[in-house]
Amino acid sequence: MKSYTTYHIWKRYPNYLRKHFWKEHTFWTDGYFACSVGNVSEEMLKKYIENQG
């Protein structure tokens, strides 16, 4: 997912990105995040994601 989005974002905005990411054509960090949720409503989960920093 990271490599796919990086490729397409660079393809669409190359001039802007070159100003900020001159060394590498990437802006994601290495690694991943995985999580599971229990008895939580879809609305509560949506609010939680929207309020992340």
Side-chain angles (χ1 to χ4, degrees):
M1 180 82 114
K2 290 179 184 179
S3 61
Y4 177 83
T5 56
T6 297
Y7 172 79
H8 287 284
I9 292 170
W10 270 97
K11 191 172 181 178
R12 188 167 183 171
Y13 305 103
N15 295 329
Y16 175 78
L17 293 171
R18 274 191 205 103
K19 295 175 187 174
H20 300 281
F21 301 97
W22 53 271
K23 190 172 183 181
E24 295 182 19
H25 281 195
T26 186
F27 39 82
W28 302 111
T29 58
D30 292 337
Y32 64 94
F33 173 77
C35 177
S36 65
V37 294
N39 190 18
V40 182
S41 69
E42 184 178 339
E43 183 62 29
M44 186 181 288
L45 183 58
K46 183 179 176 184
K47 285 182 182 179
Y48 173 79
I49 292 170
E50 288 172 348
N51 291 313
Q52 294 301 298

Name the atoms and distances for all side-chain donor-acceptor pairs under 3.5 Å in residues 12-21, with sequence neighbours left out.
from  : atom 1 : to    : atom 2 : distance (Å)
Asn15 : OD1    : Arg18 : NH1    : 3.0

Check your understanding: Where do Leu45 and Val40 come nearest, in terms of heavy atoms and distance?
Key ->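 Looking at all heavy atoms of both residues, the closest pair is N-CG1, 3.9 Å.
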Check your understanding: Taking only residues two or more places apart in sequence or in another chain, which ones pass side chain to side chain contact (heavy atoms under 4.5 Å, CB included) with Lys11?
Key ->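 By the side chain to side chain contact (heavy atoms under 4.5 Å, CB included) rule, Lys11 matches Tyr7.
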Review point. Any chance CD of Glu50 has more than 12 other-residue heavy atoms, nucleotides or ligands included, within less than 6.0 Å?
Key: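 Yes - once you tally the heavy atoms of other residues, nucleotides and ligands closer than 6.0 Å, there are more than 12.
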